[in-house]
Amino acid sequence: MTAARTVEVERVIAAPIAEVFAFLTDSANYRSVPGVLRARLVTPGTPVPQGVGAVRQVVTAALALTELVTGYEPPYRMEYRIVRAVPPLRHEAGSITCAEVPEGTRVRWRSEFAVATPIAAGVLTRVWTPIVRSGFELVLRTAERTLER
């Protein structure tokens, strides 16, 4: 089995924590991210639609993901697990955490994954690591452009 890789991205967004958290946890907002072809809430969660138990789909030209929200503590933390992906992934855990800082909101996005193919999984995991990092950064830049005043 290929060892999982961890991607962690951090960015400060000059906007209130509640707005940043709401943007990052609402799958509809991912439609405004360049390269995202489709993003939708498949199954609502609790106590809000994007909360625990929510199933979200995000499709880009490079990959398709189905995520299950496993933790939801507004406006500070959302945890998720990718339950289906093309290319296939073994996803250990993912989280988005927000903290108030003098400049606005510090966001940390973390994900542990490995490509789950029978051939060349280790090489493919290493190839996908910077792609995943770039995707996270693009979402955060989109949030920044949308929310900063």
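- Distance CD/E112 to CZ/R5: 12.5 Å, rounded to 0.5 Å.
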*May I have the step-by-step check of side chain to side chain contact (heavy atoms under 4.5 Å, CB included) for L140 and L24, ending in yes or no?*
CA-CA 8 Å; L140 294 177; L24 294 173; 3.9 Å; yes
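- Taking the six-membered ring where tryptophan is involved, the planes of F136 and W109 are essentially parallel, since the angle between them stays under 30° and well short of 60°.
- No option in L63, V123, L89 other than L63 meets the side-chain contact (heavy atoms from CB on, under 4.5 Å) test with W128.
- Taking all atoms of both residues into account, the shortest heavy-atom contact from Q57 to V42 is CG-CG2, 3.5 Å.
- To the nearest 0.5 Å, atoms CZ (R108) and CZ (R77) are separated by 11.0 Å.
- Contact of the V86 side chain with the V59 side chain is not registered, since no non-hydrogen atoms from C-beta on lie closer than 4.5 Å.
- Side-chain heavy atoms closer than 4.5 Å link hydrophobic residues (I, L, V, M, F, W, Y) into clusters, and following such links, possibly through other members, connects L138 to I96.
- The OG1 atom of T146 sits 7.5 Å away from atom CG of N29, with the distance rounded to the nearest 0.5 Å.
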*Go through the steps to decide whether F23 and I13 satisfy the test side chain to side chain contact (heavy atoms under 4.5 Å, CB included), and finish with yes or no.*
CA-CA 12 Å; F23 183 94; I13 298 174; over 6 Å; no
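- Using a 4.5 Å cut-off on side-chain heavy atoms (C-beta onward), F113 and I82 make no contact.
- Atom CD of E73 is separated from atom OG1 of T25 by 12.5 Å, given to the nearest 0.5 angstrom.
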